[in-house]
Structures are given as C-alpha cells and as structure tokens.
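Beneath this line is the structure, given in structure tokens, with notes to follow.
Letters A, B, ... are given to chains in the order of the sequence lines, protein chains preceding strands, and every chain is numbered from 1.
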Amino acid sequence: MTLRPISLRINGAEYQFEVEPQETLVQLLRERLRLMRTKEGCGVGECGSCTVIMDKRAVASCLVLAVDTDGSEIVTTEGMCSDTELQPMQEVFVDHLAMQVRVGVSTLSARQEYLTFCHLCCGHCAVKVTVADNVIVDMTPDFESGLSNEQCVFKKGRLSIPEIHLHPDRLLYPLKRAGAKGEGRWERISWDEALDTIADKLKTIREELGPEYVVFGLGEPHGLEFAFAQRFASVYGSPNVTTPGWFCGVPFQTANAFTFGQGAVPDEEHIPELLVLWGINPNHTSGGIRRQTVSNIVESGTKIVVIDPRKIDMAGVADLWIRPRPGTDGALAMGLLKVLVEEELYDEGFVRDWTIGFDDLKAELATFTLTDVAEATWVPEEQIVELARMIGKNKPTCLQWGNGIDQGVHPFQTHRAISILAAISGNLNTPGGIVLPDAEHNYVRPGKFYMLSKRAPVAGKTIGKEYPMTIKSTSVPSWLLTRAILDEKPYMPRMAIFMLTNPATSFINSKETLRGPHEAGILGRPRSIHDSDRHPCGHSLAGGIRDGARRGGLLAGLVQRGARASKGGRSPG
Amino acid sequence: MNVPAFEYLPATSLAEACALLAAHAPGARVIAGGTDLLVKMKHRRLVPPYLVDLKDVPGLDHIRHDTGDGLRIGPLATIESVKQSVDVRKRYPMLHQAAACMATVPIRNRATVVGNICNGSPSAEMAPALIALGATAEIVGVDGARSALVEDFFVGPGCTILRPDEIVAELRVPEPSAGSGGIYEKYSLRRMDVALAGAAALVVPDGETCGDIRVVLSAVAPTPIRATAAERVLRGQVPTEALLAQAAAEAAAQSRPISDIRGSAEMRVKKVEELSGRAIRGALKAARLEVTR
Ligand SMILES: Cc1cc2nc3c(=O)[nH]c(=O)nc-3n(C[C@H](O)[C@H](O)[C@H](O)COP(=O)(O)OP(=O)(O)OC[C@H]3O[C@@H](n4cnc5c(N)ncnc54)[C@H](O)[C@@H]3O)c2cc1C
Ligand code: SF4
Ligand code: FES
C-alpha cells in the first residue's frame, strides 16, 4: 500500500504524516495524536461525536479521508477549550439550558435539589436531581460531594426523564394478570391486594412445602434491592436466590478472593506507567475504571496495552494491541506468567514475603512452551514476551480486567492467573496498581453483600448444592433454577419473585427459561416499565418506581404481612 | 469503523480523471465529498479497488449565475455552499429549500450536489428540484462530452446513465420562466434523515391559469419521477381546490413506493398525496395564482 505524505495544522501546530489512503481523519487525530476528545460514535456521519473544524467549517471526521486534509487547518475540542473554564459555546449552552429535556413543568415552579445517585448502570454515580411540581425536571452530575461520577448524566440521565420517569407505560401501581398466560391482559389492583395475594401465597407455600420452594431472582440493583431482597429471602427462609453475578463480577471477585483474600480495584488516584486493559472498553462502558481516569491516563502519556479480539475504541490509541483467540485469555495469562517468572522479571520481595506455592507455579509453567501458548491463543510469541517484559519493567502497572473475561470460558481460572500476574509483578496494593479497598479506601457501595453460605435456615436444601463455590459467592446458578423447574430435581420451586430482571434475557438459554415459569407457580415482578409482552408467562406484576426504597418497601410490606419464618429467620444485619 | 483499503488516484484535470477511470474500469470510482461512498465502503456494500479523487483539479467548486445563461454548479460545490448562495436563494428558492433540509451541517459541508445526483439514489434530495427546473448534467468521458437532462439521468436505484469512464463536469440550471414559483417538500423521520418521500412543484403562470406545471416525486419509485398525471390535471386550468385535490391524488396513484424498516408502502402513498398537495399549493402561491373554491 502506498503511503502518501500530508502536512496540515492541527490546533495551531504543524504536522507531517505519511498516511494510507483509507485512513480517516478521526483515526489520524485519535490514533496518531491521541486527541481522544474527538470520538468515533456511529462512524457513518450520523451522530456528530467526531465533529471537528476543517478550514473553518464543521465536518464529520469519520467521513473525511486523511489524504484529503493535506494543507488544511483542523481544530478539535482540545483546541477550543481548557479544562478549567467554559468556552463561549459551552456558556451559551448553559445560558439557554441546552440539552435539558422539556417535561412540561412551568419554569416558574419552585425547584428543589436532591443529592442521590444514578440508577442507570452499575456505576451508581453521584447525581443531583432537580424536582419541580413533584416531577424530576433535571439531573446533573454531583460535583460537590467528591463521590465518583461520570458525565453521562448530562445526556443519558436527562433522557431517562422522558423515556423512563415520565414514560406513559411506566408501572405506577400493581397489576394482576386478567387473561390467559401470555395474553397480555392485566388489571389494576390495590397495593393491599397485591401484598395480601403475594403474602398469602408465600405463607401457604412455606407451610405446605417449605420456604425453599420460593426462589428469588435479582437483577442489577438500582438501589438497595439486593440488600433488601437477600434479607427478605433470609427472613423468609429460602436459600434459593439467583443474581446475574455469574456473568458479571463474581468470577473475578471469587478469583481475587482466592488469590488475595478479597476483591481488588484499580487505584484511580495515581497515574500508572502502564495500563493494561484486558477485556474491558472503559471509554464506552463504565465499571471498573472511570472514563475520566482513562482520559487522564491517556493524556499523561502512559503506555497502554489493549487485550481484545476486536479493535475496540481504546485499541486505536494503544501502544500494543493484543488480539487473543476468543476464550484463550487464560492461556495468554499463563504465557505471560511464564516469561515473567523465567526471565526473573517478578518482584522478588513480594514473592518472598507474601506468596505461598511459588515453586508449584514455577513447575506448572515449565510444563508448556511459549509456542504452545502462541498456538492456543493465536498471539505471536514475540508479543507475549513483549507484553510480559512491559509488565515486568513498568512500575506501576495497572492491570484492569472487564466482563469480557467474566463472560468467556473458564473466567474463574483465567482471573486467578491474571490476579497472580498482577501480584507477583509487584502491582498489588501499590499506588497506581490495583488495590484492596479497606475501611479507609472504600470504593464500593456501602453495606455488605450477604453471602448465601452464611445463611443456614434450611441447610442442604439449596438448589445446586453440588456447586459449592458458586453457592458460596452469591447465588444459585440461574440455569440450575430452570432445570429444577423443568426436571423437578432436586424439587420443583412453586413460586419465583423476580426483581429488576427479565429471566428470559438474563438467564442462560432463553427458550428453556421461558418454558420454566410456564410450568411453575406464581411469578411476581417489581419493575418500572410494563413489559409484559417480553414476560409472557407472568402471573402477577407489582408496579414499582425507579427507586430502590419503594421496592424495599414492598418487601417490608410482605414481612409485615407475616411472610417470614415463624421462628424468626434472623436478618443478617 | 475502517474504510477498506483501496488505491488512491488523485487527478489534476478532468481529462486525467476520465483516463484513470477508463484505465481501471470497472472497479474505479470518483470520490467527491465521500459522504455516500465512504459510508457504503465502511459497510462493505461497495469495495472499489480504486478511487479517483477530483480535489486536486482546480476550479471545480463554483456556483455561478449569469443572467440569461442560468446557474452552473461545479462538481465539487458543496450542498452547504448552494444553501448559502444568495443567487440560489433569490432565483432558485426550491434548490435552496432542498439543500437546507438535507442532512446536517457537517455532512453538507462535505457533500456535493453532483455527488448527490451521481449516487443515483431514488431519494436524492436535490433531484426533484433539479428535474422540475429542467437542469442538465454536462458529462465528460474519454470519448468526449455529452449532456443529458437530470430527468433522464437516473436509471434505477444506485444506477445512472454514466459509463464507467464518465464524470459529471457541471450541472446547468436554466433561468426559471418569469413569474414562476416552486416549492420542495420533504417527509423524513428526523429532519436530517433521507427523505421517505419528497415532492417538488414548479408552476409557470399564464394569466389566471396554471400555464405550465411540473411535479416531481422522490423516494417513491426506483428513480425520481415526474408525476405527469398530476401535471395534466392542472396544466392550462384555473386552479381550484377540487383540481388541486385531484392532482395530489393522481401523484399518489403514480407513486410506487416500497415498504421497509422506515415505513410501509401505504403510509408513503398517503404521504405523497399530502406532500404533493402541499408542494403544488405552495408553488401556486409563489407564482401568485389563487386557488378558488
Ligand atoms: C448522515 C448523512 C445524512 C444524509 N442525509 C441525506 C439526505 O437527507 N438527503 C440526501 O439526498 N442524501 C443524504 N445523504 C447522502 C449524501 O450525503 C448525499 O447523497 C451527498 O450529496 C453525496 O455527495 P458526495 O459529494 O458526498 O458524494 P460521494 O460519496 O463522493 O459520491 C457519491 C457517488 O457519486 C459518484 N460521483 C461523485 N461525484 C461524481 C462526478 N463528478 N461524476 C461522476 N460520479 C460522481 C461517486 O463515484 C459515488 O458513486 C446523507 C449522508 C449522510 C452520511
Ligand atoms: S456511568 Fe453513567 S449511567 Fe452509569 S451510573 Fe454513572 S452516570 Fe449513571
Ligand atoms: S462518528 Fe458519528 S458522525 Fe462521525
């Protein structure tokens, strides 16, 4: 491919490049100059996130060939604004309330501000909500509390006002199925009737069959639902709780716990020398490491390695992009360990003082060659050696993994290997590496997760007790619940309460899952938006609001109505 | 999103561009603003091995009006520059309207009027107005030059009369007849989106009557089409509400839209009736003709 020379001005500075004809302007700005504030969203001219000024005119840089910018002058957002003050355009936005949604509330109505958190994803960022006439009219990131937050509240959060909070189909009261299963006919019932119906069922089942016949399915918590629901399950006496943890944080948390004694998080307060992003795309999704931290890291010139089969956003700016064969991340981690150990690049002091079984690890690493690893992972040997040396020599290195690994094969063992890699390379509990949160540095939401293993009201009755490790972590694997319903092994649950989750999409094997509840008993489901079409087999449905406390209140109502073990299953506190 | 690799062939004159196209036919394409081409290439709907770039050819971005001669639009004149041209706004308001409702500013700043036509899309934003105004495309190729009415330029979806070595060197729009009035109407889901239906109407008054009329529809047939039956209803007539309604119904009857993810064919037919009714009424008003009861 012939390279073509171009010269252009970008944000006032002169540059010369040799470009391939198919290179786009957005690629040039991001990948060669790391001007990350120009984003590639849609890639086809529709979203505007790649807009830059070219020769005094706004253009979509995703649809401009770099060869065509020869001799032009480009200005990106970096060239327009500083970090500390608003530029004129932003001031106009603020003055005219641009990007705020209109919700039909008079601007004259009195406004109150509440500090709360965003419910949209697991980031649970601190936000400030403005309320007028009992309606949420605006949301902004909470800049004052010092709690972590992302900036997406300005868009995603604000759009959730018309699209979720004020959605015409939002469930505001309980509904009970009126027609046949799957017909989609529902009638409104009172809260008392809803609570009585559910409480009666709960009581009957416990008395006639036992509390384990009721299962609880929980989804991503939007508030304190996990705490409330797990406590409710415990006072009711059922050990059968399932969560989406099996494809989210549980594999890595468990692997961390096995290796370090507890889960680890990146230290966002110190900039590392090397950032390794493994199965995570922090610029597009939240969780793990915040976008702002990633921006700071990128702008500080830190070396970046991306491990992902796809060319994700961050791969473009990475110093090294490794593309493993999907599902072979564990083998890759073992290959990296092999180089680290055999080239003696590990942290000797750490290994001496803090590890056990290092010789066993050494012996294991001697059982295969790098060629084996390269064959298994499709990653060339030189790249494995290069990355291992980068990890060994750049201190601190922040190894940040994501759900890309949790959702693959063997996530637990893969995470164990990566955890060992982080630890023996000397990057555990060091500034800029990964750290173990303690009472002083607590990054996670307040309160404790309640572990099923610590609850023993009906010991031995847990579905899936042949998987003691999974049960110990948080929950019964969802597919075992489905099997229990379909195969009646070890027994068939008679009632399921699903909260914040649509098992048809969050459980393994949607077809089987949908068959399951059709054959089982009642299905209650506190949710915000009525989506019975996607939930064709529901029996009754309790309306919730976008507020964990109200859902918690629903459970409290059930407790009040006597749906708790008579001899008092004790709340775990 | 990556653009598939291709060989880049910059031309310094139109003759050289045609020669390059001929030498690398049929795989070579011209690239103007690239807003159609690069999208297709990113989606791998088109993977041309060669792109001939016209941007090094001097003097192709003109929009020039000469009284008597009409308007000339160069192959690199952008839609935004057409929208901003005072001559266009004053003398060819229909073209201005079409340019103003096409896509977004960052797209219009790159997209060309000629590219819009050469792309051959039945929903080409600029086509109805250009056809209604009787525009011609001046075409050059290795074997010489020819000219064709824009009305005859489209062959089918993505397909034009251009041969592989040919380039549109200019669009010429004749001076509109004195007193004439024209309107372009577009229906799309969001303003920036491609039209689900478009209608242009141009009326040349003759005393109290509608001396001549052209109604052009886009996005509702394999190419932009003249709604000839609708034109016949009003040509030479004193416009009345009844005739106007009849003309709009004829336009709808002549449309042959498809159903796709953006809407059903029935919906589009209804929209054509509504849009052409609005466009004809607007054109009559712009031509200062009254619609009687
Ligand atoms: C977000 C977005 C929104 C859009 N919205 C609209 C819309 O609302 N309405 C609409 O009509 N279109 C729309 N488009 C499509 C597109 O922008 C227009 O069709 C545009 O006018 C194409 O011009 P261009 O210069 O970018 O063409 P290019 O992509 O450069 O070329 C298009 C085609 O024409 C050929 N070509 C170009 N110049 C010549 C020439 N001089 N001689 C011979 N062949 C030539 C090319 O080979 C190619 O096949 C949109 C596109 C995007 C990305
Ligand atoms: S990352 Fe965005 S969506 Fe997620 S909690 Fe924070 S503000 Fe809400
Ligand atoms: S990335 Fe969406 S417009 Fe360019």
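- The candidate from A:Asp70, A:Val64, A:Val26 with the greatest count of non-hydrogen atom pairs under 4.5 Å with chain B is A:Val64.
- Neither the backbone nor the side chain of A:Cys50 has a heavy atom closer than 4.5 Å to any heavy atom of chain B.
- The contact between B:Pro4 and chain A is made entirely by backbone atoms, counting heavy-atom distances below 4.5 Å.
- At least one donor-acceptor pair under 3.5 Å links the side chain of B:Asp165 to the backbone N or O of B:Val142.
- Ranked by heavy-atom pairs under 4.5 Å with chain A, the first of B:Thr104, B:Asp53, B:Val105 is B:Asp53.
- With a 4.5 angstrom heavy-atom cutoff, B:Leu37 does not touch chain A via any of its atoms.
- Contact count against chain B (heavy-atom pairs under 4.5 Å) is highest for A:Val59 among A:Thr24, A:Val52, A:Val59.
- Residues B:Arg89 and B:Asp87 are not paired through a salt bridge, judged by the lack of any N-O separation under 4.0 Å between the basic side chain and the carboxylate.
- Contact of B:Asn2 with chain A is made through backbone and side chain together, with heavy-atom distances under 4.5 Å.
- Looking at A:Asp308 and A:Arg323, no side-chain N of the basic residue comes within less than 4.0 Å of a carboxylate O on the acidic one, giving no salt bridge.
- Residues B:Glu170 and B:Arg172 are paired through a salt bridge, judged by an N-O separation under 4.0 Å between the basic side chain and the carboxylate.
- With chain A as the partner, the residue from B:Asn109, B:Leu38, B:Val3 showing the most heavy-atom pairs under 4.5 Å is B:Asn109.
- From A:Arg57, atom CZ reaches atom OG1 of A:Thr51 across 14.5 Å, with rounding to the nearest 0.5 Å.
- B:Lys55 and B:Asp61 are not joined by a salt bridge, as no carboxylate oxygen comes within less than 4.0 angstrom of a charged side-chain nitrogen.
- Residue B:Arg108 does not touch chain A at all, counting heavy-atom pairs closer than 4.5 Å.
- At a threshold of 4.0 Å, the pair A:Glu78-A:Arg30 does not count as salt-bridged, since none of the basic side-chain nitrogens sits closer than that to a carboxylate oxygen.
- Interface remark: A:Glu46 contributes backbone and side-chain atoms alike to the contact with chain B (heavy atom separation under 4.5 Å).
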